[in-house]
Q: 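Provided herewith is a single structure, encoded as C-alpha cells, for subsequent inquiry.
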Amino acid sequence: MTTWYGDPPAPFRRLRGVDWLRIGLRGGALVGVILFGLIAMLILRPWSGRVVQGVCRVALPLLGLRLRCSGAPMRHSGALVANHASWLDIFALNACVPVQFVAKAEVAGWPGIGALARAAGTLFIRRDARDARVQQRAIEDRIRAGHRLVVFPEGTSSDGRRVLPFKSTLFQAFFAGEVAWIQPVTLIYRAPQGQDPRFYGWWGDTGFAPHLAQVLACPGGAVEAIFHPPLRVRDVGTRKNLAALCEATVRAPLDQALSR
C-alpha cells in the first residue's frame, strides 16, 4: 500500500477556549463509550459485532456526524468494498452493519480506536509487498470462516472528494472459491458549514491526534453510506473486471453528489 498525498490539506484552524471545551467533553464521552464497549465485548463475546455496532452508533454523534445509511447491507457472508476517506470510515460502516475490517497495521496502535479494532477482529496488514501472499491467505481464511469483511481497494485514504483507482490485486482473494458475493459501498462526507469540503478527509502526512481534535471541536457534519446491490463474483469473470466494476459503482454517486 502507498500513501496518497494529492493537494495538501488546508491548515487546521486555531483552536480557542470553546473548542477545547468541546474537545474535552466530547472526547471524554467518546473514551468512555469505547471503554464501555471493550468491557461489554469481553462479557458478551458471541455478540461482539452488535456491541461494536452500538458503540459506533453512539460515537458518531459525539464526533459531530449525522449518519445516513442508504440501500440494504447484504445479510449473508461475503466482502464489502468501499472508498476510503478517513479513519471515520470505521465508525460509519460499523454503525450501519457489523463487519470486520482489513486495515493497515498502524491502526492497531491508535489510541482507543486501535483497541476497539483489535477486539472487533480487524485483520491488520503491513505495507510490504513481501507479505502480500500471506495477507491474501489471511483474507481468504476470514471469508471461508463466514465473516463479512470490509476491504478498501484504493489501498490508501484520500480527501473524501474522489475515488482513487481500485487495486485489482486486492480482489484476488475473492476468487478463492468461498466468496459468492461482493457488495460495493460508497461513503460520502459533508463538512460542517463554513469548513473546507475536505474537512473529514485524512490523507498524506496528516496526524491522527490533530485531525481528531479538529473533528471533535467542529460538529455539524454528515456521512452517508450507500450500499449498492451485491455482485455475484462468478458472474464477473476476472479480478480486473471485478475491480473495475466495483470502482465505477462506488464512484458514480460520489461524483453525482459533488456535482450538485
Side-chain angles (χ1 to χ4, degrees), residues 1-10 65-74 78-97 99 101-104 125 127 139 148-175 179-191 195-204 206 221-260:
M1 292 187 288
T2 57
T3 300
W4 181 78
Y5 287 91
D7 295 329
L65 278 162
R66 300 185 313 276
L67 172 67
R68 179 185 177 192
C69 296
S70 304
M74 63 181 183
L80 281 66
V81 294
N83 57 307
H84 191 17
S86 175
W87 52 271
L88 291 161
D89 301 345
I90 297 173
F91 288 96
L93 289 170
N94 252 323
C96 293
V97 59
V99 291
F101 287 84
V102 178
K104 59 184 181 181
I125 59 177
R127 300 185 182 191
I139 293 174
R148 196 159 32 193
L149 206 61
V150 175
V151 177
F152 296 117
E154 294 160 297
T156 183
S157 55
S158 73
D159 59 6
R161 308 285 290 176
R162 70 199 71 230
V163 174
L164 302 175
F166 281 12
K167 299 182 183 300
S168 63
T169 53
L170 296 177
F171 286 79
Q172 184 59 48
F174 303 153
F175 289 86
V179 186
W181 298 94
I182 300 295
Q183 184 169 35
V185 183
T186 303
L187 292 171
I188 303 174
Y189 287 88
R190 295 175 175 85
Q195 298 300 316
D196 188 311
R198 306 171 300 168
F199 180 76
Y200 291 114
W202 186 61
W203 75 99
T206 304
V223 57
E224 181 178 8
I226 302 174
F227 290 81
H228 301 280
L231 304 171
R232 192 190 296 269
V233 172
R234 70 184 184 190
D235 292 342
V236 179
T238 68
R239 61 179 173 85
K240 290 187 177 181
N241 290 342
L242 182 59
L245 180 57
C246 287
E247 180 184 328
T249 303
V250 169
R251 176 180 284 114
L254 180 59
D255 287 348
Q256 183 178 10
L258 296 181
S259 65
R260 293 172 186 167

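Values below: every heavy atom of this structure, side chains too, minus hydrogens, waters and symmetry copies. Positions are given from 1, in the same order as the sequence printed here.
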Q: When you compare the side chain of Y200 with that of L65, does any pair of heavy atoms fall below 4.5 Å?
A: yes
Q: The criterion is ring-ring contact (aromatic ring centres under 6.0 Å, His included); which residues satisfy it with F166, sequence neighbours excluded?
A: none
Q: How many angstroms lie between atom CZ of R161 and atom CD1 of I188, to the nearest 0.5 angstrom?
A: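 So the CZ of R161 and the CD1 of I188 are separated by 10.5 Å.
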Q: Check the pair W4 / R162 against side chain to side chain contact (heavy atoms under 4.5 Å, CB included), numbers first and verdict last.
A: CA-CA 12 Å; W4 181 78; R162 70 199 71 230; 3.5 Å; yes
Q: Ignoring hydrogens, what is the shortest heavy-atom contact between P184 and C246? Give both atom names and the distance.
A: CG-SG, 4.2 Å
Q: Considering all heavy atoms of both residues, which atom of L187 and which atom of A225 are nearest to each other, and what is their separation?
A: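 Distance-wise, the nearest heavy atoms are CD2-CB, 3.8 Å.
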Q: Judged by atom type as modelled, is there a donor-acceptor pair below 3.5 Å linking the side chain of Q183 to the main-chain atoms of H228?
A: yes
Q: At what distance, to the nearest 0.5 angstrom, does CG of L231 lie from OG1 of T249?
A: 6.0 Å
Q: Within a strict 4.5 Å, meaning less than it, do heavy atoms of the L80 and V151 side chains meet?
A: no
Q: Got a second to check how far R239's CZ is from S168's OG, nearest 0.5 Å?
A: 4.0 Å
Q: State, with a plain yes or no, whether a side-chain heavy atom of L149 is found less than 4.5 Å away from one of V99.
A: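 Side-chain contact under 4.5 Å: no.
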Q: So, the side chain of R190 versus the backbone of A222: is there a donor-acceptor pair under 3.5 Å, distance only?
A: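 No; zero donor-acceptor contacts below 3.5 Å.
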Q: Can you list the steps and then say if H84 with S158 is a side chain to side chain donor-acceptor pair (under 3.5 Å)?
A: CA-CA 6 Å; H84 191 17; S158 73; over 6 Å; no
Q: Can you sort out the partners of V236 under side chain to side chain contact (heavy atoms under 4.5 Å, CB included), two or more places apart, ordered by chain and number?
A: N241, L242, L245
Q: Could you walk me through whether R198 and D196 pass the salt bridge (Lys or Arg N to Asp or Glu O under 4.0 Å) check?
A: CA-CA 5 Å; R198 306 171 300 168; D196 188 311; 3.2 Å; yes
Q: To the closest 0.5 Å, what do you measure between OG (S86) and OH (Y189)?
A: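 Result: 5.0 Å between the selected atoms.
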Q: With side chains defined as the heavy atoms from C-beta onward, is the minimum distance between N83 and E154 less than 4.5 Å?
A: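 The answer is yes, as the side chains (C-beta and beyond) meet within the 4.5 Å cut-off.
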Q: Is any side-chain heavy atom of V150 closer than 4.5 Å to a side-chain heavy atom of V102?
A: no
Q: To the nearest 0.5 Å, what is the distance between CD1 (I90) and CZ (F101)?
A: 6.0 Å
Q: Only one of T156, D159, D7, L164 clears side chain to side chain contact (heavy atoms under 4.5 Å, CB included) with W203; which?
A: D159
Q: Counting only N and O atoms by type, is there a donor-acceptor contact under 3.5 Å from the side chain of T186 to the main-chain atoms of V250?
A: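 Yes: the side chain of T186 pairs with the backbone of V250.
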Q: Can you find a pair of side-chain heavy atoms, one from F227 and one from C96, that are under 4.5 Å apart?
A: yes
Q: Indicate yes or no: at least one non-hydrogen side-chain atom of W202 is less than 4.5 angstrom from one of L88.
A: no
Q: Using side-chain heavy atoms (C-beta onward) and a distance below 4.5 Å, is P153 in contact with E247?
A: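 No. Closest side-chain heavy atoms not under 4.5 Å.
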Q: Does CZ in R68 sit with more than 12 non-hydrogen atoms of other residues, nucleotides or ligands closer than 6.0 Å?
A: no
